[in-house]
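In what follows, a structure is listed as structure tokens, so that the remarks can point back to it.
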Amino acid sequence: MNGRLFLISGLLSILLLFSIEVLSQDSLAKPKPKLIKEVSGNFRGDYRYFPDKALYPDQQEQYFSMVFQPEIYLEWNKGKQILKYTGFARIDQYDNRSTHADVRELYFQFVLKKWELSFGAKNLYWGVTESNHLVDIINQGDALEGFGLNAKLGQPMIHFSWSPKWGTIDLIAMTYFREMRFPGKHGRLRPPFDIDYSNTTYESDMEEYNPDLAIRWSHALGPFDLGLSHFYGTSRLPIFTTSDGQTFSPHYELINQTGFDVQAATGPMLWKGEIIRRESKRKLILALVVGGEFTFSNVLRKGIDIGIIAEYNYDDRGLESINALDDDFFFGMRFAFNDRQSTDMIGGLIVDRNNGTLRYFAKASRRIGNSWKFSLEASRLDNINDQEFLYLIRNDSFVQISLAKFF
Amino acid sequence: MKTTTKITSVIALGIMAVAFVPARTGLEIAIAAEKSDNGWGNSTNKLTMTLTNRNGQKTTRQMHGYSMEVDGDGDKSITVFDTPVDVKGTASMTFTHKVGDDDQWLYLPAISRVKRISSSNKSGPFMGSEFAFEDLSSSEVEKFTYKYILDEQLNGVLCHKIERFPLSKSSGYKRNIVWFNKENYRVEKIEFYDRKDALLKTLTYSEYRQFLSKYWRAGVMKMVNHQNGKETLLVFSEIKFNVGLTDDDFTQNALKRAR
């Protein structure tokens, strides 16, 4: 774990305890506030198998790892004060970089009718589309948890949210930047070169302490969900620089990013779109994703819902974009069995319109008994064009079996 | 003179008779039922759902809910899942509308994401139960057409028996038969007929309690599926009214915080 983050979390906790003290004194006049305390979480074992020969030395064919995700939730004063902690830790059989822990969330929240004020590390998600998350920018992706960056690192912030009649306004000041970390030399799904995190550079003179700022308006207006956001601060995605061609150092630029996301529900159809304009000193980029999902519900009266998803991705970074969704179509299919074991499946493929690069994925999960969950995941890379970033991980198709115990 | 008086009284009696004749058309009964429940404001409850399969094996789910009456439109509600533990904290929010599709969102705590869900899915099962989504959403008068059948005794209670036909094409039913208690308009029983007009399910309401000396709420709802032999029992507890919920408690932020 990042030492400085740990220190900040610690200081924050002390601050929180102090504020609880103050606040509870404040409410002494009222009836004694009722404290609600919930502890929950899960343990999970993952087994991952890579059928293709490793490209780089020290990489393995199969990996076992264990994941622990605890959650502690405290609420008092009729829900007006909340303290929430969500932790994450993975122990990997071979790769000591992939063995990592993170504070996904640790925040104190004060709630009053139309507004919320939070201090601490939070996970905020913005956006609507399935294949790409362009507008989502607050949290750094946890690249140790997968190339799709769906897992996010906790972001320290002060977050004010106000919900008048005409939507919700979020104001966020981010106090500390979290670097993206990639699997180490024993891990798969990584670039071939060594990454020297001790030489990370920033455009901002304040480096990782640059105060990043964001504002967002969002509104649910009948069948529409709209969001308009602006972010100013350090880009979440690194650029790699090298002097010897062997060791690469991450560099983080300052960016201004404006994003717009929209969703409309018309009967069984959900229309979705996200567009961003990102400007740095180096360049201006535009990217968008548009598409939709059609749901056939209760198919053949068997209670099964089948969703068909289609999206188009464009990014004028072209081959420079890290997720390589520069001119790609996504087609997916989702099955929800709506049975007592909550069986779900999703599968899809992403195809590059220009060079034919193909990515397939499938995921399925099913509850066993009352508190266990079994899941399967597969990812396949095919016909990867040697100009794409994905070319570096072209042999890292995998299948994964997981079993989780919830408490 | 005498005759005139007689005639007048007959007319008067006639008018009184008309005035005291209970609502006769199905629509009038449905409107009267809705009216009798107007003004309940807002409430919270806990809910235990027990699923029983053909072999008698039982599975239990727990959840709790918040709901609020909206002037001139359908209700707003939030349902939070407590068990099974892997879906704990998952919450759904529904804005029911008298006309058109409802608005529905789902909060998935594992990915901190609120997703809008297509609400045209009415006939699908709720959480693997024998209740379809449409059986649990508030039955606004405007969502059906009606036909009065007759008044009859049901377990010793005099009821209006009416037929109602869903207007939505995505409904799983051709028709329902509903027994409204004649005295207080609470629903005692519903029979659901599938699209082929075969009897699919029977829902019975029991353990009614009155709140704020006006509003009746069933403590138990039992759904029996005649076609697959499965049953679902809903047991409501800790029903509270006037809990101070407002529009501010039914926003996406509130949905994320819902516990």
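A note on names: the letters A, B, ... follow the listed sequences, proteins ahead of strands, and every chain is numbered from 1. Here the structure is a predicted model, which is why all the values come from computation and not from measurement.
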CD (A/Gln341) and OG1 (B/Thr59) are apart, to the nearest 0.5 Å, by 7.5 Å
So do B/Lys115 and A/Gln263 actually touch side chain to side chain, heavy atoms under 4.5 Å?
no
Turns out that what part of A/Lys122 lies under 4.5 Å from chain B's heavy atoms comes down to neither
Under 4.5 Å to a heavy atom of chain A? For B/Thr246 that would be side chain
Check whether any side-chain N or O of B/Arg113 sits under 3.5 Å from a backbone N or O of A/Val128 as a donor-acceptor pair, and report yes or no.
yes
One should read off an interatomic distance between A/Glu116 CD and B/Lys256 NZ, to the nearest 0.5 angstrom, of 7.5 Å
**Message:** Any salt bridge linking A/Arg367 with B/Asp86? Criterion: basic side-chain nitrogen under 4.0 Å from a carboxylate oxygen.
**Reply:** yes
State, without any angle test, whether B/Asn253 and A/Ser161 hold a side-chain donor-acceptor pair at a distance under 3.5 Å. yes
Report task. Could you tell me whether the side chain of A/Val111 reaches within less than 4.5 Å of the side chain of B/Arg257, counting heavy atoms only? Result -> yes
Requested in this report: Evaluate salt bridge (charged side-chain N to carboxylate O under 4.0 Å, His left out) for B/Arg116 paired with A/Glu293, printing each intermediate quantity in order.
Outcome: CA-CA 11 Å; B/Arg116 186 184 273 265; A/Glu293 177 167 357; over 6 Å; no
The interface call for B/Val87 against chain A, heavy-atom contacts under 4.5 Å, is side chain
Okay, B/Arg61 and chain A: the region with an atom under 4.5 Å from a heavy atom over there is side chain
On a heavy-atom basis, the closest approach of A/Gly267 and B/Asp101 is CA-OD2, 3.2 Å
_Heavy-atom count check: over 12 atoms from other residues, nucleotides or ligands less than 6.0 Å from A/Phe224 CZ?_
no
